[in-house]
Amino acid sequence: MIIRRLQSENILRFEKLDLDDLPARGGILITGPNESGKSAILETLCLALFGRTVQLAPEAIAAAIHWGADQGSVTLDFVGPDQIPHTLRRQLDRQGNQEATLTRDGKLLASGIEAVDRAMRPIIGCDFSGYLDTLYQAQGRHGRPNGTIQTLAGVTLLQELGTALDAENHSLARQIETRQAEQAGLREALTSLNLREATLGEREAAHQRACSRIATANATLARWSGLEAGIAQAGQRIATACNGWISPSPEIDRTAWHNRGVALDSALREIESLGLTRHLDPVDPPATGLRQWHTDWTARLEELEKILATVEAERQRLLRWLGAAAPQPGDPATLAAERARLTNREQRAKKRHEQRKRRATGFVVLSLGGWFATLVVWQKIIQDHLPGWVSASLDNALPFLNRAPNLLLLYTAVALTLLVLWNLTARGFVGNRLRKAVAGKERLDQQAATAWQTIDTIDSAAGLSLKKQVEQLLALENTPWRDDLKHWSQGAGAPLLDDARLTAETGLLAERLHIFAGEQNRLRERIATRLLTAGQEQADRQAEAVMAAAAVADEQARRREQNRLNAALAAHEAQNRQDRHAIGIRTLAKELLQGASGTLHTLFVEELNRVMAELVPVVTRGRYHTPRFDDALQGEIQATHRNEPVPLTALSTGVRRQVSLALRLALCQALIARAGGDGSSPRFIALDEPLAYSDRKRGRESLEALLALDGPLTQIWVAAPEMEADLLAASRHIPCTPDQPQS
Amino acid sequence: MPLPEPSANGASFRVQDPLFVLEAHCRKALEHHPNPTRSIEAARLREATQLLLTRLETTRSPGEKSA
């Protein structure tokens, strides 16, 4: 950082100050008598850099405004480490208000006091304290640098880190204490819970038992409710079914009787299925009279059904015989088969009868011829006994008879006669068979007609009322069911056929229905009592279950609270262990930091001694060399003329000033090295009457050595009462007068 | 491991990087531990070293870092 221009208005003793064209390399020598403003220029420079001066406290900076003015300003043009021109401008007023802006190459870089200070910190390389210890040396300020040594050695960073670790350890320790106090409270809360391991299980078991009892009570209530509804419903159905019986019509058919029986049976089964004898012990089975009546009535119908089954079987048999239904195995020959068989027999008999007829004619002719021949022969045999004329006539008419064998002709005639007789007999047999076949067919037709009539009667009767159906079936003669049906109609079936008997039976039914109504009312009363008891039981069990559930919930809440407390305790303990471990690690780290700080400090002092060994002979013109500083920057220096080490405290004031100047220069170099950057950026140093206590010769030597230093400190501001003209001529000279400085 | 060469940055004064010095110091302490790989103390030492180096690396300003 090199100062190129310093301007101020109403700052300190200057109404207006403008130091322009400041050289980047070499001395800037400010001379003048006391109270001429030499130090004020360096204070103005300090005010520009840090917003405060060396002499004034920060809170009293308003005193830097020129007397009589309300506000002042200072503007500093400089070249930064990046070789870019910067402009820093500060304004302040009497109320202590400050404003600051920093521009870089004409562009605003920062605005505001804090922002500008933050931006200037790396440019300057140190804070205000470091500036006083390194880049600025004021008259009467030649003591040891305080914290700057630590900063330049790099120890400050480690110390700050150590301080932060101490603060963290302290915070962690307090957190541990706080947690331990909380843990005590948690343990006390745990003790006050006074939990017993088996309590939750016992309460849950009690709740389960209560729930089970609720289920039992619900089932009981539902059972009695169901019985009540079942009795009402079954009673209604029984009443409806019985009403169909009590006012019956005799003209109804068998199916209607059957359906009424099924309806009453279903209704009776419904009430029987309720199991009232099981639930209401002791109790007589309800509707037993009705069941008995229904059983008797059903027996009548079942007997009729058996007879009608016989009717239907006969009908089916007739249908199969007539060919109107598919035959079954074991069936006799059908009507068609028998008719075909008889027709075939008739045809064969007719054919053979004709054959016999034709054969009979032939046989008769042949028999007559044979008998004639036999007679002729016989005449010849007996012709001797015949009158003569008879014999003559026969001989004339049948001369061949005399040549035929006589016995053969006789046998032939007898045989032919036998044939005629056999033929006549066979023809008679064939005719008899023919007649039988014709008569069989006529009989079959008659049987078929009778069968169709029977079937039609059965079919027509099926659609009639039971009474007429029975009458029509009884009207059929020679049927296999007739006797049974007649016996049924006069016995068990009489109530179904006779109005008087039917009225008596339905009266009996009505009486039993009335009895059942009484039974039903008594049952409902008993069930209502049971329902009331079951409802009360259910309410009691529900209340018991609610209490048991509340007890379980309370115990579970206490368990959750216990778990929460234990978890909090465990978490606290874990966090305490972690924090104790962290404290231990930080304590160990602190020890490492202290060791590293000592190493850094030792290395820094060694390097400081090395640099001072180069600077001290320069500033003392070879009279002293080889300084040895300890960690407290105390030590000794080798005097050339005495060839022995001399403690720093034993040196003269002037030599101590020179050594102090060398030390300041060495620290400046340390600052530059510590600040980093490219290392080649030049810097300024401000020395306010550094050689005030030196004699003229020693002061000149020190100043020449200072200006001749080769290094980054290229711009050296020096304020002194007076200097030799050759030195002034070689540098930028700023003479000051008590009235006004001149640039 | 020896300390790195101090940084001079153009000036004749050479300064040490605190991070390097601290790292070397910690490493030296760990190397001088009788059982540097398995003992609990060595583990704590490594943890403390890591804590310090991390903090120092993150807290110091970029301008203070070694070139």
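Reckoned from all heavy atoms, side chains included, excluding hydrogens, waters and symmetry mates.
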[Y] and [X], any side-chain heavy atoms less than 4.5 Å apart:
X	Y	value
A/Met1	A/Ile124	yes
A/Met120	A/Phe78	yes
A/Arg586	B/Arg55	yes
B/Val15	A/Leu152	no

Strictly less than 4.5 Å between heavy atoms, which residues of residues 610-622 of chain A line up against chain B? Please order them by number.
A/Arg610, A/Val611, A/Glu614
Counting only heavy atoms closer than 4.5 Å, note whether A/Leu165 contacts chain B via side chain, backbone, both or neither.
side chain
For B/Leu22, which atoms come within 4.5 Å of any heavy atom of chain A: side chain, backbone, both, or neither?
both
Best-contacting candidate, A/Glu168, A/Lys590, A/Glu591, A/Glu160, against chain B by heavy atom pairs under 4.5 angstrom:
A/Glu168
Mind ranking A/Ala589, A/Ser597, A/Gly584, A/Gly162 by heavy-atom pairs under 4.5 Å with chain B and telling me who comes out on top?
A/Ala589
Would one find more than 12 heavy atoms of other residues, nucleotides or ligands at under 6.0 Å from atom NE2 of A/His581?
yes
For A/Thr714 and A/Ala24, the nearest pair of non-hydrogen atoms, with its separation, is OG1-O, 3.1 Å
B/Val21 backbone acceptor or donor facing B/His25 side chain under 3.5 Å
no
Would you call B/Arg27-B/Glu31 a salt bridge at under 4.0 Å N-O?
no
